[in-house]
Protein chains: 2
Amino acid sequence: MSATAVLFHFAFDPASRAARLALGEAKIEFEETAVRPWEPDCPLGEMNPSGMPPVLQVTERGKSLTLCETAAIFGWIEDRAKGDLLLASDPAERAEARRLVGWFERRFMDEVNAVLLHERMEKPLLRLGSPDARLLREGREALRAHLGELEPLASAREWLAGRRLSQADLVAAAHLSVLDYFGEVSWANWPSLKLWYSKVKSRPCFRPLLADRFAGSPPSAWYDDLDF
Amino acid sequence: MSATAVLFHFAFDPASRAARLALGEAKIEFEETAVRPWEPDCPLGEMNPSGMPPVLQVTERGKSLTLCETAAIFGWIEDRAKGDLLLASDPAERAEARRLVGWFERRFMDEVNAVLLHERMEKPLLRLGSPDARLLREGREALRAHLGELEPLASAREWLAGRRLSQADLVAAAHLSVLDYFGEVSWANWPSLKLWYSKVKSRPCFRPLLADRFAGSPPSAWYDDLDF
């Protein structure tokens with residue numbers, strides 16, 4: 001393509017991971033710039049009023065474009081592909097994929113990430129002390145409830161939203177992969193979800209994520225194993 | 001159109017209002033069914049796993065489709081219109097509209113609605129007691145900060161995301177209109193935003209919202225005044 005694209009991202013931010021997966025699936029070449037959004041001199045503040053990753057800077061035919069966060073990045077990728085690259089053409093599947101993306105961005109973020117990822121990831125990053133046992137337990141319980149909602153979808157369908165790989169699979173895999181790095185997903189309890197995750201994990205777009213390492217915390221034994 | 005559409009919504013839920021505005025702008029005829037999502041027998045539980053409004057049930061050419069929440073409803077409206085009804089064709093304007101929708105759904109919800117609307121609306125609805133003065137003050141301060149971010153956009157552009165009315169205007173107006181009902185928006189302090197709001201408020205799609213009434217709490221004196 002004639003465009004150059006630079007993704008500003010944080011490797012363990014689920015939304016950043018979803019953007020990397022979507023660009024990979026769309027076969028759009030891009031450079032990566034790692035940012036630490038909680039640091040005061042983070043360059044994201046200049047690009048995105050919310051200060052949050054991911055931000056994709058695109059230059060195409062002399063014009064530059066700043067795409068802030070998931071909706072703008074996913075939307076741009078779909079627009080380039082005329083609308084059915086990461087969304088099926090079937091209206092019900094499109095609706096289901098959009099519902100699931102919204103679910104992860106709101107419910108999963110609030111109920112699982114804000115508790116469990118806060119304890120496992122944000123506390124060490126921001127030097128907020130050691131994890132709180134009660135919150136870890138609450139977060140793990142919330143995660144189990146969410147996996148329990150996803151398991152029947154993965155069992156009944158080829159992909160989470162239906163017959164085609166969609167935005168929903170990439171967003172779900174992005175979230176679960178961060179938790180999986182920290183050993184928080186007990187795949188043996190969720191056989192259909194495990195099969196689904198192994199399919200997403202085997203895609204070329206996933207490879208860069210499996211090489212990510214969190215300082216001071218090695219990944220779970222099976223994190224980068226395609227045959228886990 | 002050959003479809004029948006029923007919107008399940010709560011009149012003072014900003015996302016429900018955004019759906020009504022978008023359907024109105026798209027000139028899609030729909031029936032409204034009011035729901036109270038916090039009540040145990042709310043029919044939404046059967047349609048949307050999150051239990052949240054808005055949900056649009058569409059029957060078209062013998063097929064029925066359940067569209068859960070903003071992304072699915074907005075997406076379906078755009079798909080029907082081949083992608084540029086509530087998003088401009090210009091890529092930068094599309095990106096900006098998507099950024100702003102995400103901003104309202106995450107930042108505005110968390111910082112303003114979760115505090116100020118909780119005190120003004122959810123507490124009376126759920127009989128949680130009278131508003132807390134400190135939280136009211138915090139919510140109002142957060143609202144001022146957000147209006148301060150929106151004012152320069154409204155001043156520099158015809159619509160919030162650029163030259164075309166977009167999803168961003170409908171979502172922003174939906175949120176602000178609920179707060180305006182409760183008299184929380186000091187329009188005089190934000191002249192460009194006031195002008196923008198009066199343009200959105202004058203559109204035919206807005207008329208039904210101005211007739212909404214919250215039991216036990218009459219609207220602000222200027223709520224349904226087009227010349228406020």
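Numbered from 1 within each chain, the chains take letters A, B, ... in sequence-line order.
- Looking at A:Glu105, only its backbone comes within 4.5 Å of chain B, counting heavy atoms on both sides.
- For the set B:Met109, B:Arg99, B:Met52, the entry with the most heavy-atom pairs within less than 4.5 Å of chain A is B:Arg99.
- A cation-pi arrangement is found for B:Arg17 relative to B:Phe12, the charged atom lying closer than 6.0 Å to the ring centre and inside a 45° cone about the ring normal.
- In terms of heavy-atom pairs under 4.5 angstrom with chain A, the leader among B:Arg106, B:Glu149, B:Arg94 is B:Arg106.
- When each of A:Gly102, A:Ala72, A:Pro49 is scored by its heavy-atom pairs under 4.5 Å with chain B, the top score falls to A:Pro49.
- Most heavy-atom pairs under 4.5 Å with chain B: of the set A:Ala97, A:Cys68, A:Ser64, A:Gly75, this distinction falls to A:Gly75.
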side-chain contact (heavy atoms from CB on, under 4.5 Å) between A:Leu21 and A:Asp169: does it pass, once the steps are laid out?
-> CA-CA 10 Å; A:Leu21 293 176; A:Asp169 299 290; over 6 Å; no
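- Here the CG-OG distance, from B:Leu160 to B:Ser192, works out to 11.0 Å after rounding to the nearest 0.5 Å.
- Heavy atoms of A:Thr66 lying under 4.5 Å from chain B belong exclusively to its backbone.
- Note that B:Arg80 lies in the cation-pi zone of B:Trp76, set by a 6.0 Å cut-off to the ring centre and a 45° limit from the axis.
- Side chains of B:Ser50 and B:Glu69: a donor on one and an acceptor on the other come within 3.5 Å.
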